[in-house]
Amino acid sequence: QVQLVESGGGLVQAGGSLRLSCAASGRTFNYYAMGWFRQAPGKEREFVATIIWSGGSTFYADSVKGRFTISRDNAKNTVYLQMNSLKPEDTAVYYCAASKSNILVNRNYNDWGQGTQVTVSS
C-alpha cells in the first residue's frame with residue numbers, strides 16, 4: 001500500500017497556471033505508474049494523465065493534451081501536474097492515484113489521495 005497526499009490546488013483565473021503535487025510514501029517500489037484524475041460535481045471521475053515510474057512515459061486525455069504536463073521526481077517519490085492555459089471546464093477535485101498493474105485502466109488505480117480542489121474562474 002502507498003499513501004498519497006495532493007497539494008497545490010486553488011483558485012485561478014482562466015488562462016492561468018497551477019502546479020499540483022502528489023507526494024507518495026510507503027511501499028512505492030511496488031507501483032508501476034501514477035496518474036491524475038479529476039471529478040466535477042455531478043460528473044464521473046475523469047482520467048487526466050499518467051506517468052510510468054521507470055522510464056517516464058506519459059499519457060494524456062485529449063481534453064488536456066498540450067496544456068497539462070505530468071512529471072515525476074523519483075528521488076522524492078513525487079509526481080507533478082503542471083496545468084497551463086486553464087479553462088473554467090477544468091474546475092474539479094483533482095486526485096492522485098497509483099497502480100501496481102501495467103494495464104493502465106481506471107479500475108487498476110487502487111490507491112488514491114484525498115484530492116485537491118482546482119477552481120478556474122472566467
Side-chain angles (χ1 to χ4, degrees):
Q1 186 178 351
V2 65
Q3 293 76 49
L4 305 174
V5 179
E6 304 97 332
S7 62
L11 175 64
V12 65
Q13 192 174 3
S17 298
L18 285 173
R19 190 177 80 156
L20 306 183
S21 298
C22 174
S25 61
R27 300 182 67 182
T28 58
F29 59 89
N30 287 331
Y31 288 80
Y32 178 77
M34 300 287 288
W36 286 97
F37 297 78
R38 65 189 184 186
Q39 187 168 23
K43 295 185 178 180
E44 297 285 343
R45 183 183 63 190
E46 177 188 17
F47 165 76
V48 176
T50 292
I51 189 166
I52 311 301
W53 278 115
S54 178
S57 297
T58 58
F59 307 90
Y60 297 93
D62 289 343
S63 60
V64 306
K65 189 175 182 180
R67 299 189 298 121
F68 292 9
T69 303
I70 188 170
S71 62
R72 77 203 194 284
D73 186 332
N74 290 25
K76 296 181 179 180
N77 289 324
T78 300
V79 175
Y80 306 95
L81 185 68
Q82 178 66 46
M83 305 185 295
N84 298 326
S85 301
L86 283 162
K87 305 174 181 179
E89 49 263 46
D90 295 318
T91 295
V93 177
Y94 283 70
Y95 297 93
C96 180
S99 175
K100 292 184 178 180
S101 175
N102 64 347
I103 308 301
L104 299 179
V105 296
N106 290 6
R107 61 180 171 84
N108 285 340
Y109 292 89
N110 290 324
D111 294 281
W112 297 82
Q114 295 299 304
T116 185
Q117 176 71 48
V118 172
T119 302
V120 184
S121 64
S122 59

Indicate, with yes or no, if Trp36 and Leu18 share a hydrophobic cluster defined by side-chain heavy-atom contacts under 4.5 Å among Ile, Leu, Val, Met, Phe, Trp and Tyr.
-> yes
Residues 8-121 vs disulfide (SG to SG under 2.5 Å), sequence neighbours excluded, gives Cys22-Cys96
So the salt bridge (Lys or Arg N to Asp or Glu O under 4.0 Å) pairs with at least one residue in residues 93-115 (sequence neighbours excluded) are none
Can you list every disulfide (SG to SG under 2.5 Å) pair that touches residues 31-94, not counting sequence neighbours?
-> none
ILVMFWY cluster membership beyond Ile103 - transitive side-chain contacts under 4.5 angstrom = Val105
So, does Ser85 use its side chain to make a donor-acceptor pair with the main chain of Arg67 at under 3.5 Å?
-> no
Pairs flagged by disulfide (SG to SG under 2.5 Å) wherever residues 50-87 is involved - sequence neighbours left out | none
Joint cluster assignment, Ile51 & Phe37, ILVMFWY side-chain distance < 4.5 Å = no
Heavy-atom check, side chain of Leu4 versus side chain of Trp112, under 4.5 Å | no
d(Thr78 OG1, Met34 CE) to nearest 0.5 Å is 8.5 Å
Report the residues that fulfil side chain to side chain donor-acceptor pair (under 3.5 Å) with Gln39, sequence neighbours left out, ordered by chain and then residue number.
-> none
Can you tell me how far the CD atom of Gln82 sits from the CD1 atom of Ile70, to the nearest 0.5 Å?
-> 12.0 Å
Taking all non-hydrogen atoms of both residues into account, name the closest pair between Ala49 and Leu81 and its distance.
-> CB-CD1, 4.3 Å
Mind checking what makes side chain to side chain donor-acceptor pair (under 3.5 Å) contact with Thr50, not counting sequence neighbours?
-> Tyr109
Please, which pairs that meet salt bridge (Lys or Arg N to Asp or Glu O under 4.0 Å) have at least one residue in residues 43-52, sequence neighbours excluded?
-> Arg38-Glu46
Does Gln114 reach the main-chain N or O of Glu6 with its side chain, forming a donor-acceptor pair under 3.5 Å?
-> no
Supply the atom-to-atom distance Ser25 OG to Lys76 NZ, rounded to the nearest 0.5 angstrom.
-> 15.5 Å
Those residues that, when tested against Ser17, pass side chain to side chain donor-acceptor pair (under 3.5 Å) (two or more places apart) = Asn84
Is there any disulfide (SG to SG under 2.5 Å) pair reaching into residues 55-93, and which pairs are they, with sequence neighbours excluded?
-> none
May I ask you to decide if Ser121's main-chain N or O and Gln13's side chain share a donor-acceptor pair within less than 3.5 Å?
-> no
Could you give all pairs that pass the ring-ring contact (aromatic ring centres under 6.0 Å, His included) test and reach residues 48-107, with sequence neighbours left out?
-> none
Roughly how far apart are Asn108 CG and Tyr32 OH, rounded to 0.5 Å?
-> 12.0 Å
Partner set under side-chain contact (heavy atoms from CB on, under 4.5 Å) for Val120, not counting sequence neighbours | Val12, Ala14, Leu86, Pro88, Asp90, Thr91, Val118
